[in-house]
Amino acid sequence: MTEFESILQSVMYHDRASIYRLVPGKAADGSDDYEDEETLVAEDVPCKLSQYGKDLLASKTERALSVKIDLRLCCARAVDIREGDRVVVSHHGQKFELFAGTRFVYPTHAEVSVRRSEEAGNDGD
């Protein structure tokens with residue numbers, strides 16, 4: 001980690017993330033069928049969750065109102081977040097369950113597009 005990255009981490013990365021990834025695993029009954037298992041790949045990762053664009057997508061069905069919002073997660077370049085990973089972020093006393101999209105790597109940090117998708121009324125705590 002460069003000196004600048006260290007400063008960036010101490011000044012900006014006040015949130016923490018746990019990263020989960022689906023990996024192939026054997027079926028519970030031991031057969032040759034394989035099922036994906038969710039595995040914790042990183043925990044307590046310093047990061048910064050922020051809004052941008054603030055596009056909120058909502059759709060209503062007979063049963064519920066579904067709300068989707070795209071957010072941005074910034075972290076160190078070395079953090080391995082891949083498309084489709086589930087990322088649980090603790091942000092100022094709130095907990096957000098997000099799914100990773102495209103990752104952009106810059107000389108100083110990485111930015112990951114993440115999406116929060118849930119039924120309205122679930123505050124994420």
| task | Could you grab the distance from atom OG of S18 to atom NZ of K95, nearest 0.5 Å is fine? | result | 7.5 Å
Less than 4.5 Å apart, any side-chain heavy atom of [X] and any of [Y]?
X	Y	value
L22	E38	yes
P46	R16	yes
C75	I81	yes
M12	I7	no
V89	L98	yes
S113	R115	no
L73	V87	yes

| query | Where do E111 and R103 land on the salt bridge (Lys or Arg N to Asp or Glu O under 4.0 Å) test, with the steps shown first? | reply | CA-CA 6 Å; E111 290 182 6; R103 179 174 187 256; over 6 Å; no
Could you report the tightest heavy-atom contact between [X] and [Y], atom names first, then the distance?
X	Y	result
A100	V114	CA-CG1, 4.0 Å
V88	Y20	CG2-CE1, 3.9 Å
F96	R116	CE2-NH1, 2.9 Å
A42	L40	O-CD1, 3.3 Å

| Can you list the steps and then say if D85 with V112 is a side-chain contact (heavy atoms from CB on, under 4.5 Å)? | CA-CA 11 Å; D85 284 353; V112 182; over 6 Å; no
| task | Would you check if the side chain of H109 reaches a backbone N or O of Y106 as a donor-acceptor pair within less than 3.5 Å? | result | no
| So, D15 side chain and L49 main chain: donor-acceptor pair closer than 3.5 Å or not? |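 Yes, the answer is positive, given that a donor and an acceptor are paired below the 3.5 Å cut-off.
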